[in-house]
Amino acid sequence: MAEVTCICKRTVVSSKPVQPGKSYPLSVLDRLMERNHLRIVYYFQTPKGRKLGEMTKKLRESMSETLTCFPAATGRLLKDQDGHWMIKCNDAGLRMVEARAKGSVEQWLESVDREKELKLIHWEEMFHKPYFWSTFYLTEFEGGGLAIGLSCFHLLADPTCATMFIKAWADTTLVGKMISPPFFHPLPPRRPGNKNLNRQPYTHLINYYSSIIEKTNSVTSTGFATIALVFPDPMVRACIAMARTTSAPDHPSPSPFQVLSGLFWVCVSKVKGKGNGLIDMCICLDMRNVLGLDKGFFGNCMVYNNVQADYSGEDKLLSGATQAIEEVMAKMDIEGIMDLIEWLTSNDCKYPPLMNGCDLICGSLEEVDPYLATFEDGYAPIRVSYHVEPSAGAGQVLVLPWRRGEGEMSRLIMVTLPEDEMVRLLEDDLILRFCPTILMGTNK
């Protein structure tokens with residue numbers, strides 16, 4: 001018997017019909033993510049003695065209620081008159097796959113690796129099948145525990161949106177109502193009073209997007225591995241202290257994302273044989289706060305930007321990398337992001353690029369808090385995993401919060417690299433200096 005066995009596939013529809021003729025256009029930031037997709041999995045312990053199938057029935061029912069506030073999640077993709085993707089809301093519902101896994105969730109997590117985990121969130125290529133939609137996977141473990149997985153097009157939702165949806169579903173299941181409903185509206189236009197006629201557009205960001213769009217990237221057959229590492233609070237603070245570029249008391253310390261991205265930028269560069277210097281790297285940030293959007297905004301707000309650092313000696317490589325990240329992030333203000341949105345709108349991209357197809361990507365998911373998704377009282381997620389697919393380019397580093405109560409600075413890092421490079425990364429002295437715990441790896 002296979003470790004994971006599919007029991008059935010269902011279509012779950014909203015408990016209330018959507019307004020006839022309703023549709024949602026997708027923004028330029030949505031459309032750029034067409035070739036990428038998300039795969040997310042949450043792991044939960046469950047009360048002892050529960051019958052198999054009992055929880056999945058409850059989750060199906062609460063999903064129908066949740067979908068009443070997410071009409072775009074039950075529609076279908078169509079092209080508008082300009083050839084752009086849009087969502088036609090037609091109450092077609094979303095798919096839900098119910099499965100069973102051998103053993104307990106704790107036993108599963110003891111030996112899980114990338115290949116094994118992706119069995120819980122199988123991706124079905126939907127590029128030429130727009131009548132298919134996002135799929136949720138409910139996997140009950142015969143020895144106790146539950147995994148909730150989601151796979152969806154990135155053009156429909158970024159990681160923040162997906163996390164928001166799962167939290168809304170959890171609230172509906174637990175307390176019978178949605179605590180934080182979503183908001184569906186276009187990206188904001190530039191406010192006339194904010195337009196500085198004397199400033200130059202943020203060409204660094206625009207030029208980076210222009211270079212990505214001009215490249216033709218394809219997914220290679222290179223085997224990739226994914227590891228998950230937890231850096232405890234004291235070790236993140238130690239890393240920040242090492243990476244500080246100045247001792248001035250009024251200069252803020254780098255954030256956990258900035259310093260951990262700098263750390264892995266340095267170490268991955270060594271693994272790839274860069275020698276003296278750093279490989280090309282790109283950060284990926286959620287711009288909701290910068291654009292003044294409510295946290296409930298449903299749409300893609302992740303923006304990529306290239307970071308470059310001059311070689312300043314082996315002993316200052318971490319501080320130099322961290323400082324370069326700080327400087328680029330400081331320039332990504334509302335004016336700069338609006339420059340990009342306006343440029344993308346006026347330079348319509350007919351053939352979306354593979355956004356993670358070239359440089360090493362360091363993505364910040366510090367704005368998400370998946371551990372708030374409690375479907376049953378007293379049973380918060382014990383582990384979460386986020387994958388931005390397909391695996392391509394130089395690799396990817398995702399920085400996420402770790403479980404509540406483990407220290408405000410503690411972080412979960414998910415790293416995806418070619419398999420042969422991953423082995424060497426886990427042996428890097430600089431990473432080992434900060435004593436990370438390997439939760440998922442090639443030889444855990």
Residues [X] and [Y] bridged, charged N to O under 4.0 Å:
X      : Y      : answer
Lys331 : Asp333 : no
Arg403 : Glu406 : yes
Glu421 : Lys270 : no
Glu367 : Arg288 : no
Arg60  : Glu54  : no

Measuring from [X]:[atom1] to [Y]:[atom2], what's the distance to the nearest 0.5 Å?
X      : Y      : atom1 : atom2 : answer
Leu29  : Thr345 : CG    : OG1   : 8.5 Å
Leu372 : Thr163 : CG    : OG1   : 10.0 Å
Glu366 : Ser255 : CD    : OG    : 5.5 Å
Phe136 : Arg10  : CZ    : CZ    : 16.0 Å
His154 : Cys161 : NE2   : SG    : 9.5 Å
Ile213 : Cys349 : CD1   : SG    : 4.5 Å

Side-chain H-bond candidate by donor/acceptor type, [X] with [Y], under 3.5 Å:
X      : Y      : result
Gln258 : Gln323 : no
Tyr24  : Asp30  : no
Asn36  : Asn356 : yes
Tyr209 : Asn306 : no

- Query: Hey, mind stepping through Arg50 and Glu376 against salt bridge (Lys or Arg N to Asp or Glu O under 4.0 Å) and telling me if it holds?
  - Reply: CA-CA 13 Å; Arg50 166 165 290 159; Glu376 295 184 278; 2.5 Å; yes

- Could you go through the side-chain contact (heavy atoms from CB on, under 4.5 Å) check for Phe165 and Thr160 one step at a time? CA-CA 9 Å; Phe165 186 100; Thr160 302; over 6 Å; no

Which class fits the ring pair [X] and [Y]: parallel under 30°, tilted 30 to 60°, perpendicular over 60°?
X      : Y      : result
Phe298 : Phe184 : tilted
Tyr43  : Phe141 : tilted
Tyr386 : Tyr42  : tilted

Minimum-distance pair of heavy atoms, taken over all atoms of [X] and [Y]:
X      : Y      : value
Val97  : Cys6   : CG1-SG, 3.8 Å
Ala228 : Leu412 : CB-CD1, 4.0 Å
Ile87  : Ala72  : CG2-O, 3.6 Å
Glu106 : Gly144 : OE1-O, 4.3 Å
Leu174 : Asp377 : CD1-N, 3.3 Å
Arg39  : Ser151 : CG-CB, 4.1 Å

Can you give each donor-acceptor pair under 3.5 Å made by side-chain atoms of residues 259-266, sequence neighbours left out, with the distance rounded to 0.1 Å?
| from | atom 1 | to | atom 2 | distance (Å) |
| --- | --- | --- | --- | --- |
| Ser261 | OG | Phe257 | O | 2.8 |
| Trp265 | NE1 | Ile279 | O | 2.8 |

Non-hydrogen side-chain atoms of [X] and [Y] separated by less than 4.5 Å:
X      : Y      : value
Glu117 : Val41  : yes
Leu59  : Phe375 : yes
Glu408 : Arg237 : yes
Leu77  : Leu156 : yes
Cys301 : Leu187 : yes
Val28  : Leu32  : no
Asp233 : Val236 : no
Leu205 : Asp339 : no

- Go through Thr226 and Thr416 one step at a time and tell me if the side-chain hydrogen bond (donor to acceptor under 3.5 Å, both in side chains) criterion holds. CA-CA 4 Å; Thr226 298; Thr416 300; 2.9 Å; yes

Report yes or no: does [X] contribute a side-chain atom to a donor-acceptor pair with the main-chain N or O of [Y] at less than 3.5 Å?
X      : Y      : answer
Lys58  : Gly53  : no
Glu427 : Arg424 : no
Arg35  : Pro353 : no

- side chain to side chain donor-acceptor pair (under 3.5 Å) partners for Lys167, two or more places apart: Asp171

- Do other residues, nucleotides or ligands put more than 12 heavy atoms under 6.0 Å from Lys295 NZ? no

- Query: Should we count CZ of Arg433 as having more than 12 external heavy atoms under 6.0 Å?
  - Reply: no

- Begin with the C-alpha distance, continue with both residues' side-chain angles, and end with the deciding distance and a verdict on side-chain hydrogen bond (donor to acceptor under 3.5 Å, both in side chains) for Arg244 and Thr322. CA-CA 8 Å; Arg244 278 186 70 96; Thr322 303; over 6 Å; no

- Item | Verdict with reasoning, Arg100 to Glu142, per salt bridge (Lys or Arg N to Asp or Glu O under 4.0 Å) | CA-CA 7 Å; Arg100 301 269 169 83; Glu142 295 175 352; over 6 Å; no

- Message: Would you say the rings of Trp402 and Phe231 are close, in the sense that their centroids are separated by under 6.0 Å?
- Response: no

- Evaluate the criterion side-chain contact (heavy atoms from CB on, under 4.5 Å) for residue pair Val415 and Met422; output intermediate values, then yes/no. CA-CA 9 Å; Val415 185; Met422 189 67 79; 4.2 Å; yes

- Message: Is there a side-chain hydrogen bond (donor to acceptor under 3.5 Å, both in side chains) between Asn207 and Tyr202? Walk through the geometry before answering.
- Response: CA-CA 9 Å; Asn207 289 342; Tyr202 185 22; over 6 Å; no

- Message: Run Leu229 and Leu439 through side-chain contact (heavy atoms from CB on, under 4.5 Å) and show every step you take.
- Response: CA-CA 6 Å; Leu229 304 173; Leu439 298 183; over 6 Å; no

- Task: Before giving the answer on side-chain contact (heavy atoms from CB on, under 4.5 Å), spell out for Val230 and Arg411 the whole-Å C-alpha distance, their side-chain angles and the decisive distance to 0.1 Å.
- Result: CA-CA 6 Å; Val230 170; Arg411 292 295 184 270; over 6 Å; no

